[in-house]
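As structure tokens, the structure follows; a few thoughts come after it.
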Amino acid sequence: MNEETRSSLTSEVHLETVARKMSVEKRRIYDIVNVMEALDAMSKTNKSYYRWHGLEGLPKLMADLQKEAVEERLPERVLRVEQAMCSFTELSPGSRKSGMKEVVGTLIGDDGSLSQSSTDSLCQSVHSSEKRSRVDGRDRQGRNSLAQLCRRFLMVLLSNPKNTRRVSLDVASTVLIKDPDTEGFEPPSRSRCRRLYDIANVLVALGLIKKVHYLFGTKKIPLFVYCGPEPD
DNA sequence: GAGTCCCGCCAATCT
DNA sequence: AGATTGGCGGGACTC
């Protein structure tokens with residue numbers, strides 16, 4: 001029995017086969033599988049084999065993550081970081097079709113007009129240097145793993161009350177990078193942001209989050225909005 | 001000129 | 001030791 005037959009008879013997924021079918025490197029599949037594992041949607045069964053569990057468990061998982069977030073006081077921390085980074089102003093959703101939302105404050109119009117001035121220094125410092133201090137801080141299974149980052153990213157999203165479950169990349173990465181019990185708001189590392197994009201893209205594909213654009217100071221920034229199942 | 005993400009090196013881990 | 005897994009960041013591309 002070859003891999004494809006085996007895969008179709010069980011709910012097993014063979015990574016090489018998937019990679020071949022999708023014409024992508026196996027390396028790319030690992031990123032996706034990691035996120036799926038974080039969602040308990042898949043688990044490893046054998047070398048290069050994973051079992052698909054489906055997304056039915058998501059409401060329970062989201063509830064668990066939400067609980068975990070509260071336990072480690074993530075909502076307070078998210079709030080503090082958000083406040084530090086000033087308030088967001090909604091921007092026309094992708095300048096797509098009709099309904100331009102009503103806008104409070106500065107909007108980057110389609111005409112390209114900007115304004116806005118002195119946001120405090122915290123806001124401006126958001127991007128700058130990369131930390132070069134680490135002597136290879138690879139951390140499998142730990143806080144740096146894609147799966148762990150994915151779960152924590154969802155925890156951050158779920159820290160907000162229903163209908164306001166959204167977070168900017170900056171806030172998410174600031175919250176997720178920092179040691180939870182230290183204060184201060186460091187610029188997110190570019191590398192960590194890249195990982196958040198990796199995760200976000202899979203979550204978008206699964207319909208668990210969507211990306212919208214908001215105005216922050218004079219900058220148009222992406223915001224990730226939770227649109228997955230309501231936690232149990 | 002910041003946001004996005006493709007690409008693949010290579011270390012950690014597994015067999 | 002060779003294969004598998006996946007952290008990580010360079011750099012190209014986009015807007």
Side-chain angles (χ1 to χ4, degrees), chain A residues 3 12-20 22-39 41-51 85-86 88 91-96 106-114 116 119 122-153 166-174 176-177 186-206 209-225:
Chain A
E3 290 89 2
E12 286 214 316
V13 179
H14 184 241
L15 297 194
E16 262 93 43
T17 306
V18 173
R20 209 179 317 124
M22 296 176 68
S23 309
V24 295
E25 282 176 69
K26 197 179 173 187
R27 172 72 194 83
R28 304 279 75 81
I29 304 294
Y30 284 124
D31 289 339
I32 298 167
V33 165
N34 285 342
V35 174
M36 295 294 191
E37 280 190 296
L39 299 174
M42 290 177 97
S43 61
K44 185 171 179 170
T45 55
N46 261 311
K47 189 180 77 174
S48 287
Y49 281 94
Y50 286 77
R51 187 181 304 284
M85 292 192 164
C86 315
F88 298 114
L91 184 67
S92 63
S95 60
R96 213 149 289 168
T106 316
L107 165 73
I108 302 175
D110 295 338
D111 47 287
S113 59
L114 308 180
Q116 195 61 2
T119 38
L122 274 176
C123 309
Q124 306 300 5
S125 71
V126 161
H127 282 293
S128 57
S129 61
E130 198 87 352
K131 278 192 281 297
R132 273 310 146 103
S133 47
R134 56 176 264 283
V135 186
D136 202 329
R138 282 165 201 262
D139 180 18
R140 290 176 132 71
Q141 294 7 333
R143 288 174 66 86
N144 284 343
S145 79
L146 206 68
Q148 202 44 237
L149 191 59
C150 175
R151 292 170 78 96
R152 296 188 58 78
F153 178 55
R166 53 194 186 197
V167 69
S168 73
L169 186 76
D170 281 348
V171 170
S173 52
T174 301
L176 295 173
I177 287 164
E186 300 194 359
S189 85
R190 247 177 78 73
S191 174
R192 213 76 195 289
C193 287
R194 282 193 281 263
R195 301 294 80 80
L196 279 180
Y197 285 122
D198 294 343
I199 291 165
N201 286 337
V202 178
L203 297 180
V204 167
L206 291 172
I209 65 171
K210 64 182 175 187
K211 204 193 285 183
V212 296
H213 286 103
Y214 274 69
L215 193 67
F216 170 62
T218 57
K219 291 200 316 198
K220 188 176 125 181
I221 60 158
L223 221 55
F224 299 108
V225 182

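Each chain gets a letter, A, B and so on, in the order the sequences are listed, and its residues count up from 1.
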Close N/O contacts between protein and nucleotides 11-15 of chain C (under 3.5 Å):
residue : atom : partner  : partner atom : Å
C:dG11  : O6   : A:Arg190 : NH2          : 2.5
C:dG11  : O6   : A:Arg194 : NH1          : 2.9

Extract from the structure each pairing of a protein N or O with an N or O of nucleotides 13-15 of chain B at less than 3.5 Å, listing the distance.
none

Separation of [N] [atom2] from [X] [atom1] (nearest whole Å):
| X | N | atom1 | atom2 | result |
| --- | --- | --- | --- | --- |
| A:Asp31 | C:dG7 | CG | C1' | 9 Å |
| A:Leu196 | C:dG7 | CG | P | 13 Å |
| A:His14 | C:dT4 | NE2 | P | 9 Å |
| A:Leu203 | B:dT4 | CG | C1' | 16 Å |
| A:Met22 | B:dC6 | CE | P | 11 Å |
| A:Leu15 | C:dT4 | CG | C1' | 10 Å |
| A:Arg195 | C:dG9 | CZ | P | 8 Å |
| A:Leu146 | C:dG9 | CG | C1' | 14 Å |

Quick one: pull up CG in A:Leu39 and CG in A:Leu203 and give me the separation to the nearest 0.5 Å.
6.0 Å
What distance do A:Leu169 atom CG and A:Leu196 atom CG have between them, rounded to the nearest 0.5 Å?
5.5 Å
Describe the nucleic acid contact of A:Asn201 in one word from base, sugar-phosphate, nothing, applying a heavy-atom distance below 4.0 Å.
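Since only primed, P, OP1 and OP2 atoms lie under 4.0 Å of A:Asn201, the category is sugar-phosphate.
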Indicate, with a heavy-atom threshold strictly under 4.0 Å, whether A:Asn34 touches base, sugar-phosphate, or nothing.
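Result for A:Asn34 = sugar-phosphate.
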Report yes if a donor N or O on one partner sits less than 3.5 Å from an acceptor N or O on the other, where the partners are the side chain of A:Arg27 and the base of C:dG7; otherwise report no.
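Present.
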Excluding sequence neighbours, so at least two apart, what forms side-chain contact (heavy atoms from CB on, under 4.5 Å) with A:Ala147?
A:Ala38, A:Ser145
Report the residues that fulfil side-chain contact (heavy atoms from CB on, under 4.5 Å) with A:Val33, sequence neighbours left out, ordered by chain and then residue number.
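Expected list: A:Leu15, A:Ile29, A:Glu37, A:Met42, A:Tyr50.
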Contacts of A:Arg27 that satisfy side chain to side chain donor-acceptor pair (under 3.5 Å) - sequence neighbours left out
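A:Arg27 satisfies side chain to side chain donor-acceptor pair (under 3.5 Å) with A:Asp31 only.
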Checking A:Asp198 now: which residues fulfil side chain to side chain donor-acceptor pair (under 3.5 Å) with it, not counting sequence neighbours?
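Per chain and number, A:Asp198 pairs via side chain to side chain donor-acceptor pair (under 3.5 Å) with A:Arg195.
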Residue closer to the 5' end of DNA chain B, A:Glu25 versus A:Tyr197 (nearest nucleotide):
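Going by which nucleotide is closer to the 5' end, it is A:Tyr197.
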Can you label the angle between the A:His14 ring and the A:Tyr49 ring as parallel, tilted or perpendicular, going by 30° and 60°?
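Ring orientation, 0 to 90° scale: tilted.
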Kindly give the heavy-atom pair with the smallest separation between A:Phe153 and A:Ile199, and that separation in Å.
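So the two residues come closest at CD2-CG2, 4.1 Å.
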In A:Leu146, A:Val18, A:Val202, A:Val24, the residue satisfying side-chain contact (heavy atoms from CB on, under 4.5 Å) with A:Ile32 is A:Val202
With respect to the side chain of A:Ser191, which nucleotide from B:dC7, C:dC8, C:dG7 is positioned closest?
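Among the listed nucleotides, the one closest to the side chain of A:Ser191 is C:dC8.
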